[in-house]
Undergrad: 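The structure's right below; bear with me while I get my questions together.
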Amino acid sequence: MSQSKPRIDWVDAAKGLTMTLVVMKHATYNDAAVLHQVPYLFNFLCEFTIPFRMPLFFLVAGLFAMRALKSDLRTFIDGKVLHFVYFYLLWSVIQIGLKIVLPHDSEWAVSYRDLLMIPFEPFGLLWFIYELSVFFVAMRLLRDVRKPIVIGFALVLYFSKLHTGWTIPDEFAQRFIFFVSGVYGAPYVFRMAEWTRAHMRQALAVSAAMLLAAGAIVFSGAVDLRPMELLTGYIGGAATLMLVVTLVARGWAGPLTYIGSRSLYVFLAFFLPMAATRTLLVKLGFHNGDLITLACIAMAVGMPLLGYRIVRDTPLAFVFVRPQAFRLKPSAKTADVAATA
């Protein structure tokens, strides 16, 4: 069975924007560490978007989750567990291996011990896909529990400020509420998008006001209060979605939509061209932090997309596309349903 997910342009654009913001954050902070100077423009953008960058990422990830949560167990395991496990294990080995054998300027010092810790402690940014799989499994187990109970559970975790020193439980406690919000709030998010398309001027005004409010909370320091941090995550995320919907409706979000529809490739591989670009520019004598960061972002986003196009019809395609050997065959019942659809 081969069924492609329906693609919605503004959802892909939102994914593309959040992926670009993630790349921006790591390019900015790594550049600052190497150059011993802060890229002022990008540092400002990073600080401004911190409270809603990851909440928006996980909220968008939850928008179509209900379909998977209601699917048969075999389909669910293949699409939402094995899918993430495959790329997590493969790219953990690739990233750790490269950082062991190649010189690098990242914040992560690595050793062979990191290979042994792969099942327990994600390396670097790979906790994203590890956590997504955990979120899907948790929601599958909770799918028959009443929504207020699940939301209450997620809020208790969020306000617990759990800090075990282990990435997965700590990030689960902090991010689960936003994934739950995407799952349960999807109808409202799509209605907001429809309203934005129909009332773009008003939506832009509302979006601008919400972003100003988010900025005021962030730069006043009020974001350090847990309730304000949660509020900023929602208002910043909603404002960003309205802005993205408007850009798509105007035809100005083509690059973001393209990136978002292929965001997994960027996520898996951006670290290498980002580090290589930084190293090259520094050796060539460039010292402007913002220009170096801009170049790092462009290469970190663009090169994985180019890399996918180069390898997709070669034996190396397995680094971006899960081979059939690592997929579960659909059950006979599922296959029959697909054949008669």
Side-chain angles (χ1 to χ4, degrees), residues 5-15 17-19 51-73 75-77 79-81 83-84 127-162 168-198 203 206-207 210 213-214 226-245 260 263:
K5 292 189 300 184
R7 305 218 70 96
I8 297 178
D9 48 10
W10 65 263
V11 174
D12 280 334
K15 290 180 180 179
L17 179 59
T18 56
M19 189 68 255
F52 58 88
R53 179 179 61 240
M54 293 311 302
L56 180 59
F57 175 89
F58 286 114
L59 187 148
V60 171
L63 290 179
F64 294 103
M66 192 60 75
R67 179 182 178 185
L69 298 176
K70 293 181 177 180
S71 66
D72 66 274
L73 184 60
T75 301
F76 174 80
I77 292 175
K80 299 306 177 185
V81 179
H83 175 74
F84 293 120
W127 71 265
F128 282 36
I129 51 177
Y130 194 133
E131 199 72 80
L132 273 177
S133 183
V134 175
F135 284 168
F136 274 102
V137 171
M139 285 302 294
R140 176 83 178 198
L141 295 174
L142 295 169
R143 64 178 180 171
D144 295 326
V145 178
R146 294 177 61 186
K147 292 179 182 179
I149 296 176
V150 177
I151 294 170
F153 170 66
L155 285 172
V156 168
L157 285 176
Y158 181 82
F159 284 104
S160 71
K161 295 187 178 182
L162 184 68
I168 295 306
D170 292 351
E171 294 294 344
F172 184 92
Q174 184 170 354
R175 313 295 184 183
F176 188 51
I177 182 59
F178 299 107
F179 185 75
V180 170
S181 298
V183 175
Y184 292 155
Y188 306 103
V189 173
F190 285 108
R191 286 178 201 167
M192 183 183 72
E194 292 172 4
W195 179 84
T196 300
R197 285 183 185 274
V206 172
S207 177
M210 294 172 76
R226 201 66 163 171
M228 297 302 291
E229 181 185 53
L230 182 64
L231 175 64
T232 309
Y234 283 121
I235 64 174
T240 303
L241 284 178
M242 286 192 284
L243 181 60
V244 165
V245 171
S263 58

Undergrad: Tell me which pairs pass salt bridge (Lys or Arg N to Asp or Glu O under 4.0 Å) where either residue lies in residues 229-245, with sequence neighbours left out.
TA: Arg226-Glu229
Undergrad: Can you measure from CZ (Arg67) to OG1 (Thr75) and round to the nearest 0.5 angstrom?
TA: 10.0 Å
Undergrad: Which atom pair, heavy atoms only, marks the closest approach of Val244 to Trp10?
TA: CG1-O, 3.6 Å
Undergrad: Below 4.5 Å, heavy atoms only, C-beta onward: do Ile8 and Leu63 meet side chain to side chain?
TA: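 They are not in side-chain contact.
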Undergrad: Can you give me the closest heavy-atom contact between Ala239 and Ser207, atom names plus distance?
TA: O-OG, 2.8 Å
Undergrad: For the atom pair CZ (Phe128) and OG (Ser263), what is the distance rounded to the nearest 0.5 Å?
TA: 11.5 Å
Undergrad: Got a list of side-chain donor-acceptor pairs under 3.5 Å for residues 129-141, not counting sequence neighbours?
TA:
residue, atom, partner, partner atom, Å
Tyr130, OH, Pro119, O, 2.9
Glu131, OE1, Phe172, N, 3.3
Ser133, OG, Lys80, O, 3.3
Arg140, NH1, Leu69, O, 3.1
Arg140, NH1, Ser71, O, 2.7
Arg140, NH2, Ser71, O, 3.1

Undergrad: What distance do Thr240 atom OG1 and Ile235 atom CD1 have between them, rounded to the nearest 0.5 Å?
TA: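 Atom-to-atom, Thr240:OG1 and Ile235:CD1 are 10.0 Å apart.
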Undergrad: Quick one, Thr18 with Val60, criterion side chain to side chain contact (heavy atoms under 4.5 Å, CB included). Give me CA distance, side-chain angles, the key distance, then yes/no.
TA: CA-CA 9 Å; Thr18 56; Val60 171; 5.5 Å; no
Undergrad: Calculate, to the nearest 0.5 Å, the distance between atoms CG and CZ belonging to Leu241 and Phe190 respectively.
TA: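 That separation rounds to 10.0 Å.
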Undergrad: Please name the pair of heavy atoms, one in Phe179 and one in Ala65, separated by the smallest distance, quoted to 0.1 Å.
TA: CZ-CB, 4.1 Å
Undergrad: For residues 174-190, which residue pairs pass the salt bridge (Lys or Arg N to Asp or Glu O under 4.0 Å) check, not counting sequence neighbours?
TA: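 Qualifying pairs, neighbours excluded: Glu171-Arg175.
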Undergrad: Under 3.5 Å, which donor-acceptor pairs link side chains of residues 144-151 to any protein atom two or more places apart or in another chain?
TA:
none

Undergrad: Which pair of non-hydrogen atoms, one from Leu162 and one from Pro169, has the smallest distance, and what is that distance?
TA: CD2-O, 3.5 Å
Undergrad: Output the distance between atom CE (Met192) and atom CE (Met242), rounded to the nearest 0.5 Å.
TA: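 Output value for this atom pair is 5.5 Å.
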Undergrad: Excluding sequence neighbours, so at least two apart, what forms side chain to side chain donor-acceptor pair (under 3.5 Å) with Arg197?
TA: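 Residues passing side chain to side chain donor-acceptor pair (under 3.5 Å) with Arg197: Asp9.
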Undergrad: Suppose the criterion is side-chain hydrogen bond (donor to acceptor under 3.5 Å, both in side chains): which pairs have a residue in residues 179-189, not counting sequence neighbours?
TA: Ser181-Tyr234
Undergrad: How far apart are the closest heavy atoms of Ala193 and Val245, and which atoms are they?
TA: O-CG1, 3.6 Å
Undergrad: Parallel, tilted or perpendicular: which fits the ring planes of Phe153 and Phe176, with parallel below 30° and perpendicular above 60°?
TA: perpendicular
Undergrad: Thr232 and Ala214: which non-hydrogen atoms are nearest, and at how many Å?
TA: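 Closest approach of Thr232 to Ala214: CG2-CB, 3.9 Å.
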Undergrad: Kindly indicate whether the side chain of Ile177, heavy atoms from C-beta on, has any atom under 4.5 Å from the side chain of Phe58.
TA: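 Sidechains of Phe58 and Ile177: no contact.
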